[in-house]
Amino acid sequence: MNKIFYCILHTQNQNDRVDNILDTWGKSKDVMFYSDEENLEKNIRKVSDRSDYDSAKEKQINVFKILSPLNYEWYFFCDNDTFVNVKLLESKLDTFDKNSVHCQVLDCFPQDPTLRFPSGGAGFLIHRDVVAKLVDSMRDITDFPQNYSDVTIGLNLRDIGVGVSDPKLFFSQKPEFYNDNGYWNLIIGDEDMHKYITFHYISEKPLMERYHSLCQ
């Protein structure tokens with residue numbers, strides 16, 4: 001069985017970001033962009049007709065409909081502007097609990113403050129056994145007037161009794177956001193990049209290339 005499959009939330013309005021990933025951390029990796037268009041040459045699969053921001057929830061639900069058969073042990077989901085230190089992530093796969101989802105944990109959904117859910121931008125790692133449950137049960141939960149793709153994942157995980165775990169390796173912001181931030185108590189310089197798995201909002205290719213190089 002293959003080890004890991006990378007599933008990347010995407011829209012045709014940002015097609016430059018496909019090459020940002022395929023030329024850096026996604027090169028020679030098994031990746032799929034789930035989007036609002038189909039381009040099999042670049043592993044882009046269509047799961048929605050919509051390309052607006054709010055389509056993310058629909059795409060997050062629908063991607064689980066195309067994941068079977070589950071030929072990978074692990075599945076990693078992230079946005080198209082997420083940098084992934086694949087070298088560190090893949091070296092640590094055997095240390096992650098298969099019964100939990102690994103991510104930056106958020107608890108800021110105002111309509112249900114008890115909900116703990118994974119940051120989509122920081123990315124989240126799911127074992128195939130949990131993915132299989134989501135393939136069977138993933139649905140649009142309409143209990144709340146508004147929720148987003150990562151909240152939808154959190155609600156569906158709660159439905160199947162799967163928790164989220166935060167190893168402090170996945171981050172929903174750029175590295176400099178955490179520097180001198182008393183809440184995080186981190187200083188992340190270039191020499192520290194290899195210690196962490198993801199950072200979000202990396203939409204510029206030169207920056208993606210630099211972070212990828214620093215982690216090799």
Side-chain angles (χ1 to χ4, degrees), residues 1-10 17-34 43 63 67 69-106 116-132 134 150 153 157 162-179 184-203 205-216:
M1 180 181 296
N2 296 314
K3 199 69 175 178
I4 186 168
F5 190 56
Y6 295 92
C7 305
I8 303 157
L9 178 63
H10 182 58
R17 298 184 183 182
V18 172
D19 288 335
N20 289 359
I21 290 173
L22 293 181
D23 292 341
T24 58
W25 64 263
K27 188 175 183 179
S28 301
K29 301 297 180 182
D30 291 344
V31 303
M32 175 187 69
F33 298 85
Y34 52 106
N43 299 321
V63 69
L67 289 181
L70 299 176
N71 296 323
Y72 296 82
E73 184 177 0
W74 293 95
Y75 290 77
F76 187 75
F77 296 82
C78 66
D79 289 357
N80 64 7
D81 59 346
T82 304
F83 165 72
V84 184
N85 179 356
V86 290
K87 183 176 181 180
L88 180 60
L89 173 58
E90 294 178 10
S91 73
K92 295 181 71 69
L93 287 177
D94 291 338
T95 71
F96 288 113
D97 180 2
K98 297 177 181 179
N99 299 307
S100 185
V101 172
H102 306 278
C103 56
Q104 180 184 331
V105 175
L106 302 179
R116 301 175 78 245
F117 59 96
S119 163
F124 48 97
L125 179 70
I126 313 183
H127 188 262
R128 69 185 302 270
D129 292 346
V130 176
V131 173
L134 290 172
D150 42 14
I153 285 288
L157 290 172
V162 173
V164 289
S165 175
D166 193 337
K168 310 301 182 187
L169 296 171
F170 305 90
F171 294 98
S172 61
Q173 304 290 329
K174 291 184 174 182
E176 56 266 28
F177 174 86
Y178 303 97
N179 291 345
W184 290 91
N185 195 30
L186 290 172
I187 300 293
I188 304 174
D190 283 359
E191 67 278 9
D192 303 305
M193 286 295 299
H194 69 284
K195 301 176 184 176
Y196 305 101
I197 292 176
T198 66
F199 292 98
H200 190 209
Y201 298 122
I202 314 301
S203 56
K205 189 170 186 178
L207 191 56
M208 190 77 83
E209 290 173 333
R210 184 162 73 87
Y211 288 167
H212 182 60
S213 177
L214 288 169
C215 293
Q216 297 310 296

Exercise for the section: Check the pair L214, H194 against side chain to side chain contact (heavy atoms under 4.5 Å, CB included), reporting the backbone distance first and the verdict last. Expected result: CA-CA 7 Å; L214 288 169; H194 69 284; over 6 Å; no
Exercise for the section: Please test Y6 against I21 for side chain to side chain contact (heavy atoms under 4.5 Å, CB included), starting from the C-alpha separation and ending with a verdict. Expected result: CA-CA 11 Å; Y6 295 92; I21 290 173; over 6 Å; no
Problem - Working for side chain to side chain contact (heavy atoms under 4.5 Å, CB included), residues H212 and F83 - result: CA-CA 8 Å; H212 182 60; F83 165 72; 4.0 Å; yes
Exercise for the section: For the pair L9 and Y34, evaluate side chain to side chain contact (heavy atoms under 4.5 Å, CB included) and give the outcome as yes or no after the intermediate values. Expected result: CA-CA 5 Å; L9 178 63; Y34 52 106; 3.5 Å; yes
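Judged as a salt bridge (Lys or Arg N to Asp or Glu O under 4.0 Å), the pairs with a partner in residues 77-89 (not counting sequence neighbours) are, in order, R17-D81.
In this structure a side-chain-to-backbone donor-acceptor pair under 3.5 Å is present from W25 to T82. With hydrogens and angles disregarded, no donor-acceptor distance shorter than 3.5 Å links the side chain of S172 to the backbone of G121. Judged by distance alone, with hydrogens and angles left aside, the side-chain atoms of T198 form a donor-acceptor pair with the main-chain N or O of A122 at under 3.5 Å. For the pair D166 (side chain) and V105 (backbone), a donor-acceptor distance under 3.5 Å is present. A donor-acceptor contact shorter than 3.5 Å links the side chain of N20 to the backbone of S203. Listed for the N85 side chain is a donor-acceptor partner under 3.5 Å among the backbone atoms of Y196.
Here I153 contributes atom CD1 and C103 contributes atom SG; the two are 10.5 Å apart, rounded to the nearest 0.5 Å. For the atom pair N43 CG and H10 NE2, the distance stands at 11.5 Å (nearest 0.5 Å). Taken from OG in S91 to CD1 in I197, the straight-line distance is 7.5 Å, to the nearest 0.5 Å. Residue L88 holds its CG atom at 9.5 Å from CG of L93, rounded to the nearest 0.5 Å. Rounded to the nearest 0.5 Å, atoms CG (D94) and CH2 (W74) are 8.5 Å apart. To the nearest 0.5 Å, atoms CG (L186) and NZ (K168) are separated by 9.5 Å.
With sequence neighbours left out, the side-chain hydrogen bond (donor to acceptor under 3.5 Å, both in side chains) criterion links D192 to K195. Residues passing the side chain to side chain contact (heavy atoms under 4.5 Å, CB included) test with K27, sequence neighbours excluded: none. Applying the salt bridge (charged side-chain N to carboxylate O under 4.0 Å, His left out) criterion to D190, with sequence neighbours excluded, gives R210. Taking Q173 as the reference, nothing meets the side-chain hydrogen bond (donor to acceptor under 3.5 Å, both in side chains) condition, with sequence neighbours excluded. Applying the side-chain hydrogen bond (donor to acceptor under 3.5 Å, both in side chains) criterion to E191, with sequence neighbours excluded, gives no partner residue.
Side chains of Y75 and L70 form a contact here, defined as non-hydrogen atoms less than 4.5 Å apart. Looking at H102 and L169, their side chains never come closer than 4.5 Å, going by heavy atoms from C-beta outward. At least one side-chain heavy atom of M32 sits less than 4.5 Å from a side-chain heavy atom of V63. Contact check for F76 versus F170: side-chain heavy atoms found under the 4.5 Å cut-off. Using a 4.5 Å heavy-atom threshold, the side chains of F33 and L22 count as touching. Contact annotation: the side chain of I4 approaches that of E90 to within less than 4.5 Å [non-hydrogen atoms, C-beta and beyond]. By the 4.5 Å heavy-atom criterion applied to side chains, H200 and F171 are not counted as neighbours. Residues S165 and D97 are not in side-chain contact: their nearest non-hydrogen atoms beyond the backbone lie 4.5 Å or more apart.
Ion pair E73/K3 flagged as a salt bridge, since at least one NZ, NE, NH1 or NH2 atom sits closer than 4.0 Å to an Asp/Glu carboxylate oxygen.
Between F124 and F77, the ring centre distance stays below 6.0 Å.
A pairwise comparison of heavy atoms in P118 and V164 identifies CD-CG1, 4.1 Å as the closest pair. The shortest heavy-atom contact between F5 and D30 is CD1-O, 3.4 Å.
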